[in-house]
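Worksheet: one structure, shown below.
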Amino acid sequence: MPDSPMPNVASQPDAHHATVQDASLVPTGYEDQRHRPLREFDGPSELPITLALNDIAMATLLATPESLEALAIGHAYTAGWIERIDQVESIQRSRLRHGLAVRLNVPERLAARALETAPREASVSSCGACGAVEEAQVMAGLVRLGATPPLAAGALQRGLATLDSFSRRGQHCALGLDATGQVITAGMDIGRHNALDRVIGDSLRSGHWPQAVLISSRCSLELVQKTVRAGITTLATLSLPSAMAVEVARACDLNLICCHRGKRLELLSGALPTLA
């Protein structure tokens, strides 16, 4: 598997990385970490995991690449593809261009039944990319947004200060912010991707799009995808994104900001804000 799942992303020279500490001192309110090498990034791990029955790709999940056999069997069982563990004759793992594949070898009648009853299986996972059948679907629709400065740090802090007032127990919250950090739309849901979908849906209906989205969660790839597809140039999340999310955000010119639970703001991709 290639080291980089986005081959069109130019790698940053080590000499440039040597200046990161100095660059982080620019008076914008952000710590400039845009050029931190991905190999030094310590966020959570995720990969596209394609699940197949025999030769049939059934679903691609964005998931932590650990205990994949258990993930595949559990997903196959809860999705109704199999009814008993002894229906799985063997399991094979292989590498794909961007992620991994787990193939469950089952009797052909089971694979045919699963394909007939759920040709595009809808996952109950909180992962917004779950249900994508081919790995290419997970990467589809990504474009370069063009370099656009993010919100001023003070404006984002104003949005963070209002987050608690919108929060609901057991749910994620997504806030659409205008250029001053005022909330113009809000979405709450048990799934972080659903909360973001609600903000995007409200914006489609109203025609009034936010300058930034703030989400009360970590950031995985599907949140980057949805934000880019919506043409929103800034995505801020409370906790660490995955390295893959950072890499794709950089390739798409998305301003990706880790807010570290409101304690500090790290700009991980995009353009530095202009000084007031």
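We use all heavy atoms of the structure for the numbers below, so side chains are in, but hydrogens, waters and symmetry mates are not. From a predicted model like this one, the values you see are computed outputs, not experimental measurements.
Taking 4.5 Å as the limit, every side-chain heavy atom of Cys252 sits out of range of all side-chain heavy atoms of Arg144. In this structure, the side chains of Leu163 and Leu238 come closer than 4.5 Å at one or more pairs of heavy atoms.
Taking CG from Leu61 and CD from Glu222, the interatomic distance works out to 11.0 Å, rounded to the nearest 0.5 Å. Between atom CG of residue Leu51 and atom NE2 of residue His75 there is a gap of 6.0 Å, rounded to the nearest 0.5 Å. The line from OG1 of Thr237 to CG of Leu256 is 6.0 Å long, rounded to the nearest 0.5 Å.
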Side chain to side chain donor-acceptor pair (under 3.5 Å) between Thr60 and Thr50: does it pass, once the steps are laid out? CA-CA 4 Å; Thr60 296; Thr50 298; 3.0 Å; yes

Is there a side chain to side chain contact (heavy atoms under 4.5 Å, CB included) between Met58 and Leu104 once you walk through the steps? CA-CA 11 Å; Met58 297 296 295; Leu104 302 180; over 6 Å; no

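Other residues, nucleotides and ligands contribute at most 12 non-hydrogen atoms within 6.0 Å of the OH atom of Tyr77.
Here Glu83 pairs with Gln87, Arg113 under the side chain to side chain contact (heavy atoms under 4.5 Å, CB included) rule; sequence neighbours left out.
Residue pairs meeting the side-chain hydrogen bond (donor to acceptor under 3.5 Å, both in side chains) criterion with at least one partner in residues 174-185, sequence neighbours excluded, are Asp178-Thr180, Thr185-Asp202. The salt bridge (charged side-chain N to carboxylate O under 4.0 Å, His left out) pairs that include a residue from residues 57-70 are Glu69-Arg93, where partners are two or more places apart or lie in different chains.
The backbone N or O of Gly181 sits nowhere less than 3.5 Å from a side-chain atom of Arg158 that would complete a donor-acceptor pair. Side-chain atoms of Ser90 never come within 3.5 Å of backbone atoms of Asn105 as a donor-acceptor pair (strictly under, hydrogens ignored). Using modelled atom types, one side-chain atom of Arg250 and one backbone atom of Arg34 make a donor-acceptor pair closer than 3.5 Å.
Results of the side-chain contact (heavy atoms from CB on, under 4.5 Å) test with Cys219 over Leu235, Thr227, Val246 single out Leu235 as the only residue that passes.
Residue Leu254 comes nearest to Thr233 through the heavy atom pair CD1-O, 3.4 Å, listed as atom of the first residue, atom of the second, then distance. Here the closest heavy-atom approach between residue Leu175 and residue Val199 is recorded as N-CG2, 4.5 Å.
Ion pairing between a basic and an acidic side chain is recognised when a charged N comes within 4.0 Å of a carboxylate O; Arg36 and Glu266 show such pairing.
If you chain together hydrophobic residues whose side chains sit under 4.5 Å apart, Ile184 and Phe166 never meet in one group.
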